[in-house]
Amino acid sequence: MNERFDPSRADSHWQRIWDERQCFRADDASDKPRSFVLEMFPYPSGRIHIGHVRNYTMGDVLARYKRMRGHEVLHPMGWDAFGMPAENAAMEKSVHPGGWTRENIANMKAQLKRLGFALDWSRELATCEPDYYGPEQSLFLDLYEADLVYRKESAVNWDPVDQTVLANEQVIDGRGWRSGALVEKRKLSQWFLKITDFADELLEGLDHLKGWPEKVRTMQENWIGKSQGLEFAFTLSDGSSLPVYSTRPDTIFGASFVAVAADHPVAQGIAATSPEALAFIEQCRAGGTTAAELETAEKLGFDTGLTATHPFSGALLPVYIANFVLMDYGTGAIMAVPGHDQRDFEFATKYGLPIMRVVAASAEEANKPFAGEAETGEGVLVNSDFLDGLGVAEAKAAVNARAQQEGWGSAKTQYRLRDWGVSRQRYWGTPIPFIHCEACGVVPVPKDQLPVVLPEDVDFATPGNPLLHHPTWRHVDCPKCGKAAERETDTLDTFVNSSWYFLRFASQPDDRPFDPAQIAKWLPVEQYIGGIEHAILHLLYARFWTRALARIGKVDVKEPFASLFTQGMVTHETYERTNPENGQPVYYSPAEVERTGDGATLTEDGQTVTVGRVIKMSKSKKNVVDPDEIVATYGADAIRWFMLSDSPPERDLPWSESGIEGCGRFVQRLWRIFGQYDASASGEDKPLDRKRDQTVAAVAEDIEALSFNKAVARIYELASAIEKAQPSASRSAAIKAILLLVAPMMPHIAEEAWQAMGDNEDGGLVSEAPWPEVDEALLVEDEVTIAVQVKGKLRDTITVAKGLPADELEALALASEKVQRSIDGAPIRKVIVVPDRLVNIVA
RNA sequence: GCGGACGUGGCGGAACGGUAGACGCAGCGGACUUAAAAUCCGCUUGGGCAUCCCAGUGCGGGUUCGAAUCCCGCCGUCCGCACCA
């Protein structure tokens, strides 16, 4: 063996061998147990970033490990290739989105290959290709036939200067990001998927997703937001009826005003005759639209002059237009109970409206004043007529019953979840396969005419959707009547693309989206790994899409991902100086900076730069490192090892230059250990045998739990034990074992050493070798070290045979000189003995 | 504002309610070398500067023979958000 391991040669060598032998192709016909390991596929932005490397390394270790455990592993890769950045590039650099995207894919694929991932590239897919989005169109038509797709009016952000629809993120302070023009709300007829039909199913299904993090399930549960409440109508002073929804009907006697959303018909009606009301509504629309902005914004209202009659007391409650009421939830109108809802409390305080107590800790506290905030907890009803003395739950039931009985309201289950709007007024997406005919209306494209292919000859110089002003593409004959008609020019939300790609990975026939028999074999995905930012939307949409396909009999699986793991971000410290001219920070990249002990200097001028906080790597802060450069310097195994070391995978991983250097050193250290392998060595080293098998068993457990940092620590320990050992058959066995343990993590050096050891007669690869067997008997220690405490404080430790009875342990503990000194003659009151663990003497 | 999580050495972190700080990084000392790199050995929570003891897991309480771990109340940091009526 050479003295040093040379990754620049070995990496590409083994990557080529794996390719040639098609080591990682999944066999659909295999009768082995199956493992579908999947990481969220990347958007082809152009370069792999460190976060991808972390994500794919974790999946790769699991995939390679499962293969060693005798599983048939499906570990595919593809490209989430539709989306806005390609169109932005087209506008900025005059390149075609398709060309730009495909070039990025080629670059990133080469980068992934250099990292040595065990991927089945034969199943590679890109969502921007007709062989992917064509089948998607066909599935969309299936859902349409099943009445799960419909059209309705919905508002979009319209940039009047760029003549284009903007995404929320393109609206900055109410203005278009490019034009700077004030954004208008425009109503368009758009396509929706009936995800709300599945609200209960999706909620219910969360209970069975045992392999999902609790926090993600909670987030989805809150997102779906099932609530039980009362929908009832107020009679207004103009004679009309105003339906409201409340989850706290028990507090109805505490209602002191009624509020409607700015977009509510009542508000619109008032605005028609009141310029002040109109101005107020405009003001509400101008403000921020996110929850955080709205919740922290000052509560504002406009008194409409109308009143609403309280259904029980007959009191006349003022009706306000309020900026904190949402048109999208419930009926867009509320009964406001300031005493028991914080938002209502703030509003009532501002506008001097009554704040009444209707829930109290006890009847005696019926008139206790409020301590500056609403009380939303449990209690008994007070000041509430026939409800007095009831608990909150009973009172809700009583009010609901009365409303039902008297015919002015009824109990209702409400969901926060809204239907999924999938229309995008953009070019670079899946064309929605419909045709608009003046005579026949909206007509689906017949399946034998799919795919509806995006035209390549498009013009980005003209503002707006290129599909709209393409000279010929839109114009088709109606499939029904044959007269001239027009294609739908909206494309599908890219979340549709990612809602079924895992199905296409499992099966990709030419003539249909997938073969259900293959889906049944591979799905659900055994382990899905990706960023927490997808906790709600992507994961909920994928769950919905799968369930929708199951409902219409296309697949036999309801939940696509059996286990989910959400990884942390990769972070790095920042380097900055303050620009003396404008006081703004100027950031420097790690490559421009030299780290010196506590501080850092800019290489260019040798002057110091401030070492800033450790934050998520981002281009704007320049605290990024390029995986390619790391691979070129240290090799793929070192960067993979770094991704797995130290930080638990669900937490953030701080990147550091010294950390990757340490990983590079460990690669060489391993190489020296491998070099000590001697197949002919003899002699037994029992403690090393035990350490070896304990490590093998523990690392297996750690990998299955995705606790890679712990597995890494154990491998370090075994490495140290091997280095301290004398040559023996045991040492050679331990070296072989550690090679197999690191093989899923550092496959290149593992292959190189496997070959160099030369006792794999058939010339097999370590990538095809089985995981080492463990002698269960060796795992059991025969000696244990026991803690001896006096009054809970450690005073001594004693090493004894494992399984020693309690009375003997107690005697040994009391015999300890240190213990006797600590007891100092005090009477012993109690002795707690935990066999094989500790003795605690209470004196 | 609401929801979710997390607080352990200089840093990343280990630790079924049972020896806190495994393992890695950084640092210090030493060996090897003409020298450097590489490598190897040792030390590394704080304090009293004793093989001994005291304190110590964000802060304050509590449960327990025993708490980083369980409970209550604070403080701080991070993440998500579509006002959930």
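By convention in this document, chain letters (A, B, ...) are assigned in the order of the sequence lines, proteins followed by strands, and residues within each chain are numbered from 1. All of these numbers come straight from a predicted model, not from anything done at the bench.
Within 4.0 Å of A/E717, counting heavy atoms only, lie sugar-phosphate atoms of the nucleic acid but no base atom. Counting any heavy atom pair closer than 4.0 Å across all strands shown, A/R651 reaches sugar-phosphate atoms only and no base atom. Here A/L718 lies out of heavy-atom contact (under 4.0 Å) with every strand. If you check every strand for non-hydrogen atoms under 4.0 Å, A/R217 touches nothing. Residue-level contact check: A/V831 touches neither bases nor backbone, having no heavy atom under 4.0 Å from any strand. Counting any heavy atom pair closer than 4.0 Å across all strands shown, A/D344 reaches no nucleic acid atom. Contact annotation for A/T785: base contact, defined as any heavy-atom pair under 4.0 Å involving a base atom. Nucleic acid contact class of A/S645 (heavy atoms, under 4.0 Å, all strands): none.
The side chain of A/K710 lies closest to B/rA14, out of B/rU19, B/rA22, B/rA14. Side-chain proximity of A/L794 to the nucleotides B/rA20, B/rA85, B/rA14 is greatest for B/rA20. Closest contact between the side chain of A/P654 and the listed nucleotides B/rG12, B/rG24, B/rG13 involves B/rG12.
Not one side-chain nitrogen or oxygen of A/R837 sits closer than 4.0 Å to the OP1 or OP2 atom of B/rC65. Contact annotation: A/K818 reaches the phosphate of B/rC52 (side-chain N/O to OP1 or OP2, under 4.0 Å). In terms of phosphate contacts, A/K830 brings a side-chain nitrogen or oxygen within less than 4.0 Å of OP1 or OP2 of B/rC65. A close approach under 4.0 Å does not occur between any side-chain nitrogen or oxygen of A/K724 and OP1 or OP2 of B/rC40. Taking only side-chain nitrogens and oxygens, A/N222 never comes nearer than 4.0 Å to OP1 or OP2 of B/rC2. OP1 or OP2 of B/rC25 lies within a sub-4.0 Å distance of a side-chain N or O belonging to A/R665. When the side-chain nitrogen and oxygen atoms of A/K215 are compared with OP1 and OP2 of B/rC78, none of them lie within a distance under 4.0 Å. Proximity of A/T247 to the phosphate of B/rA85: a side-chain N or O atom is located under 4.0 Å from OP1 or OP2.
Across all strands shown, B/rA35 has no partner, as no Watson-Crick or G-U wobble contact with both distances under 3.5 Å is found. Nucleotide B/rA55 is matched to B/rU45 when pairs are restricted to Watson-Crick or G-U wobble geometry with both distances under 3.5 angstrom. Here B/rG3 sits opposite B/rC79 as a Watson-Crick or G-U wobble pair (both hydrogen-bonding atom distances under 3.5 Å).
Nearer to the 5' terminus of RNA chain B, by closest-nucleotide assignment, is the contact made by A/E650 (compared with the other of A/S822 and A/E650). Map A/A336 and A/N840 each onto its nearest nucleotide of RNA chain B; the residue landing nearer the 5' end is A/N840.
Distance check on atom C1': B/rG29 versus B/rA68 gives 33 Å, rounded to whole Å. Comparing the same atom, P, in B/rC16 and in B/rC78 gives a spacing of 29 Å after rounding to whole Å. Across the C1' atoms, B/rG62 and B/rU51 are found 38 Å apart, a figure rounded to whole Å. The gap from the P atom of B/rC70 to that of B/rA26 amounts to 34 Å, rounded to the nearest Å.
For A/F642 and A/Y634, the ring centers are positioned 6.0 Å apart or more.
The aromatic rings of A/F347 and A/F257 lie parallel to each other, their planes meeting at an angle below 30°, with 60° marking the opposite boundary. In this pair, A/H538 and A/F495 present their aromatic rings parallel. The plane angle is below 30°, not in the 30 to 60° band. Ring geometry, A/Y716 versus A/W641: the interplanar angle exceeds 60°, so the pair is classed perpendicular (tilted spans 30 to 60°).
When atom types are taken as modelled, the side chain of A/R731 and the backbone of A/E723 share no donor-acceptor pair closer than 3.5 angstrom. No donor-acceptor pair closer than 3.5 Å links the side chain of A/D652 to the backbone N or O of A/G568.
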Check step by step if salt bridge (charged side-chain N to carboxylate O under 4.0 Å, His left out) holds for A/E214 and A/R217. CA-CA 5 Å; A/E214 191 62 42; A/R217 288 192 279 167; 3.1 Å; yes
